[in-house]
Participant: 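Okay, handing you the structure first.
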Amino acid sequence: MYNILIVEDDPSAKFTYRKILSMDGNKVSYASNGEEGLSIAKENEFDIIITDWLMPVMDGIELISKIRSEVKKQPIIFLLTAVNSTDAQKKALFAGADEYLTKPIQFDILKEKINESIKRGRVNISNKQISKSRIVADKNFYCVGIAASTGGPSTLVKYFSSLSATKNAAFLIVLHGPGWMLKTFVKSLQEVTQMPVHEGNTGVVVKPGNIYLAQGKKHMVLKEGTNILEQIDAPAENYVKPSADPLFRSIANSFGSKSIGMVFTGMGKDGALGCGYIHAAGGRVMVQDPKTAILPSMPEAVINLKMANQVIPLDNMAAELHNCLAL
């Protein structure tokens with residue numbers, strides 16, 4: 001089924017993980033520390049890497065960071081640790097982990113997370129699924145929809161650090177991750193931007209010069225034809241919830257040609273179809289150059305659908321957005 005690497009210095013834990021995961025037909029390899037794990041990851045292609053945090057020679061956080069910057073075919077990475085604090089979780093996700101699981105872990109939960117992550121990364125899409133969005137009267141400001149997944153926290157912090165206060169656009173963000181991480185990311189983002197950062201709760205009126213972040217377990221959208229946010233408990237799309245696709249569709253519906261879609265680093269295809277709606281509404285689609293992304297598959301999905309007006313290196317995206325808003 002899946003090719004899995006376990007990086008764990010505890011022989012007993014390593015044996016248990018390998019035994020349980022092998023029962024489902026997975027091919028399971030293992031390493032005893034981060035340095036060994038990195039070497040194996042460079043020489044082989046893995047669907048999943050499960051790593052402990054506290055290990056000799058090279059710990060799990062350093063391993064994740066090096067995998068994200070040095071390994072060509074990017075795996076899904078789970079950090080499995082006894083450390084359980086908000087600061088620790090934040091550090092892991094900023095390093096590039098996809099999931100943060102605390103010990104002792106229930107193996108049925110681990111297997112469920114593995115299957116969900118694999119499905120999310122293998123979604124197939126076609127531009128035949130895109131229909132033309134209803135174009136409504138333009139608002140007096142732009143609405144920028146942003147999608148990011150794996151590597152998103154550090155990427156978005158870098159992006160908004162270089163983006164000066166923007167008074168003629170509102171920013172609506174979908175960042176894949178657990179609910180606790182999304183709440184803490186509001187604070188992390190506020191530390192690097194002068195624009196107010198808010199949780200995207202139902203009833204909030206979207207205003208220019210502000211940033212709104214989708215929270216966990218529900219999709220964040222604009223009520224039809226308005227600039228009022230609502231959270232909807234609809235099924236997951238692209239195996240994620242919140243998903244960027246319903247947000248982007250609603251932005252296209254409400255803002256028409258003043259819609260902008262931006263897709264950054266991430267695993268899977270979320271946001272690609274939504275960009276099609278923005279494109280159809282006369283808006284603009286800007287994606288991070290996959291060569292500068294920690295994980296390239298989300299921007300690549302937009303490019304493959306031929307929906308990207310611009311493909312831009314991360315360091316240039318803030319300047320290009322200002323150029324677009326000045327037109």
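As a basis for the values below, the full set of heavy atoms in this structure was taken, side chains included, without hydrogen atoms, waters or symmetry mates.
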Participant: Excluding sequence neighbours, so at least two apart, what forms side chain to side chain donor-acceptor pair (under 3.5 Å) with T292?
Facilitator: Q288
Participant: Would you confirm whether the ring centroid of Y142 sits within less than 6.0 angstrom of the ring centroid of F255?
Facilitator: no
Participant: When you look at NZ of K73, are more than 12 heavy atoms from neighbouring residues, nucleotides or ligands closer to it than 6.0 Å?
Facilitator: yes
Participant: Is a donor from one side chain sitting under 3.5 angstrom from an acceptor on the other, for N238 and D245?
Facilitator: yes
Participant: Write down the atom of V287, the atom of P299, and the distance for their closest heavy-atom approach.
Facilitator: CB-CB, 4.1 Å
Participant: Has the side chain of H219 got a donor or acceptor atom that lies under 3.5 Å from a matching backbone atom of S243?
Facilitator: yes
Participant: Is there a donor-acceptor pair under 3.5 Å between the side chain of N253 and the backbone N or O of R249?
Facilitator: no
Participant: Is there a donor-acceptor pair closer than 3.5 Å between any side-chain N or O of S65 and the backbone N or O of I61?
Facilitator: yes
Participant: Answer yes or no: is there a donor N or O on one side and an acceptor on the other, between the side chain of N33 and the main chain of M58, under 3.5 Å?
Facilitator: no
Participant: Flag the pair R68 / I77 as yes when at least one side-chain heavy-atom distance between them is below 4.5 Å, and no otherwise.
Facilitator: yes
Participant: Which salt bridge (charged side-chain N to carboxylate O under 4.0 Å, His left out) pairs, counting each pair once, include a residue from residues 164-193, with sequence neighbours left out?
Facilitator: K183-E199
Participant: Supply the atom-to-atom distance Q194 CD to L163 CG, rounded to the nearest 0.5 angstrom.
Facilitator: 10.5 Å
Participant: Could you grab the distance from atom CE of M317 to atom SG of C324, nearest 0.5 Å is fine?
Facilitator: 11.0 Å
Participant: Any idea which heavy atoms bring G152 and L175 closest together, and the distance?
Facilitator: CA-CD1, 3.8 Å
Participant: Mark yes or no for whether N3, through its side chain, and E45, through its backbone, hold a donor-acceptor pair below 3.5 Å.
Facilitator: yes
Participant: What pair of heavy atoms forms the shortest contact from L93 to P153, and how long is it?
Facilitator: O-CG, 4.1 Å
Participant: Any pair with a residue in residues 10-30 that passes salt bridge (charged side-chain N to carboxylate O under 4.0 Å, His left out), sequence neighbours left out, goes on the list, sorted by first then second residue, please.
Facilitator: D24-K111
Participant: With the side chain counted from C-beta on, respond yes when I118 and Y2 share a heavy-atom pair under 4.5 Å apart, and no when they do not.
Facilitator: yes
Participant: Looking only at non-hydrogen atoms, find the nearest pair between G37 and V7 and report the distance.
Facilitator: CA-CG2, 4.2 Å
Participant: Quiz question: by atom type and distance under 3.5 Å, do the side chains of S164 and H322 form a donor-acceptor pair?
Facilitator: yes
Participant: From K119 NZ over to I114 CD1, what is the distance, rounded to the nearest 0.5 angstrom?
Facilitator: 13.0 Å
Participant: If we only count heavy atoms from C-beta on, is the K158 to D315 side-chain gap below 4.5 Å?
Facilitator: yes
Participant: Go through Q89 and M181 one step at a time and tell me if the side-chain contact (heavy atoms from CB on, under 4.5 Å) criterion holds.
Facilitator: CA-CA 8 Å; Q89 293 166 338; M181 185 273 283; over 6 Å; no
Participant: Does any N or O in the side chain of N44 come within less than 3.5 Å of the main-chain N or O of I40, such that one atom is a donor and the other an acceptor?
Facilitator: yes
Participant: Is atom CD of E320 surrounded by more than 12 heavy atoms (other residues, nucleotides or ligands) closer than 6.0 Å?
Facilitator: yes
Participant: Any salt bridge linking D233 with K241? Criterion: basic side-chain nitrogen under 4.0 Å from a carboxylate oxygen.
Facilitator: yes
Participant: Does V221 belong to the same Ile/Leu/Val/Met/Phe/Trp/Tyr cluster as I251, with side-chain heavy atoms less than 4.5 Å apart forming each link?
Facilitator: no
Participant: Around atom CD of E36, are there more than 12 heavy atoms from other residues, nucleotides or ligands closer than 6.0 Å?
Facilitator: yes
Participant: Looking only at heavy atoms, what is the nearest atom pair of V263 and G271, with distance?
Facilitator: CG2-O, 4.5 Å
Participant: Show the numbers, then the answer: is there a side-chain contact (heavy atoms from CB on, under 4.5 Å) between V197 and F185?
Facilitator: CA-CA 10 Å; V197 184; F185 189 66; over 6 Å; no
Participant: So how far is it from L79 CG to I49 CD1, rounded to the nearest 0.5 Å?
Facilitator: 12.0 Å
Participant: Between D9 and P11, which heavy-atom pair has the shortest distance, and what is it?
Facilitator: O-CD, 3.2 Å
Participant: Has the side chain of Q215 got a donor or acceptor atom that lies under 3.5 Å from a matching backbone atom of L213?
Facilitator: yes
Participant: Determine, using the 4.5 Å side-chain heavy-atom cutoff (strictly less than), whether L80 and F15 are members of one ILVMFWY cluster.
Facilitator: no
Participant: Within a strict 4.5 Å, meaning less than it, do heavy atoms of the F46 and V71 side chains meet?
Facilitator: no
Participant: Using a 3.5 Å distance criterion without hydrogens, assess whether the side chain of T155 forms a donor-acceptor pair with backbone atoms of I294.
Facilitator: no
Participant: For T226, what residues pass the side-chain contact (heavy atoms from CB on, under 4.5 Å) criterion, not counting sequence neighbours?
Facilitator: K223, I228
Participant: Within the structure provided, determine whether I50 and I48 are in side-chain contact (heavy-atom separation under 4.5 Å).
Facilitator: yes
Participant: Going hydrophobic residue to hydrophobic residue with side-chain gaps under 4.5 angstrom, can you get from I260 over to L156?
Facilitator: yes
Participant: Would you check if the side chain of S149 reaches a backbone N or O of G266 as a donor-acceptor pair within less than 3.5 Å?
Facilitator: no
Participant: If you define the side chain from C-beta out and look only at heavy atoms, does anything of Y159 sit under 4.5 Å from L321?
Facilitator: yes
Participant: Using modelled atom types and a 3.5 Å cut-off, is there a donor and acceptor pairing between side-chain atoms of S250 and backbone atoms of L222?
Facilitator: yes
Participant: Answer yes or no: is there a side-chain heavy-atom contact under 4.5 Å between T51 and F78?
Facilitator: no
Participant: Is it possible for you to say whether Y17 and M1 belong to one hydrophobic cluster, with membership spreading through side-chain heavy-atom contacts below 4.5 Å?
Facilitator: yes
Participant: At what distance, to the nearest 0.5 angstrom, does SG of C275 lie from CG of D270?
Facilitator: 9.5 Å
Participant: Applying ring pair (Phe, Tyr, Trp, His ring centres under 6.0 Å), name anything that partners F160, two or more places apart in sequence or on another chain.
Facilitator: F171
Participant: Show which side-chain atoms of residues 99-108 pair as donor or acceptor with protein atoms under 3.5 Å away, not counting sequence neighbours.
Facilitator:
from: Y100; atom 1: OH; to: V83; atom 2: O; distance (Å): 2.4
from: K103; atom 1: NZ; to: E8; atom 2: OE1; distance (Å): 3.2
from: K103; atom 1: NZ; to: D52; atom 2: OD1; distance (Å): 3.3

Participant: Could you go step by step and tell me if Y239 and E116 meet the side-chain contact (heavy atoms from CB on, under 4.5 Å) rule?
Facilitator: CA-CA 7 Å; Y239 296 96; E116 287 178 355; over 6 Å; no
Participant: Is there a continuous path of hydrophobic side-chain contacts, each under 4.5 Å between heavy atoms, that joins V240 to F248?
Facilitator: no
Participant: Output, in order, the C-alpha distance, side-chain angles, deciding distance and verdict of side-chain contact (heavy atoms from CB on, under 4.5 Å) for V285 and N309.
Facilitator: CA-CA 5 Å; V285 175; N309 297 106; 3.8 Å; yes
Participant: Supply the atom-to-atom distance N316 CG to M286 CE, rounded to the nearest 0.5 angstrom.
Facilitator: 10.0 Å
Participant: Does a side-chain heavy-atom distance below 4.5 Å link P290 with V311?
Facilitator: yes
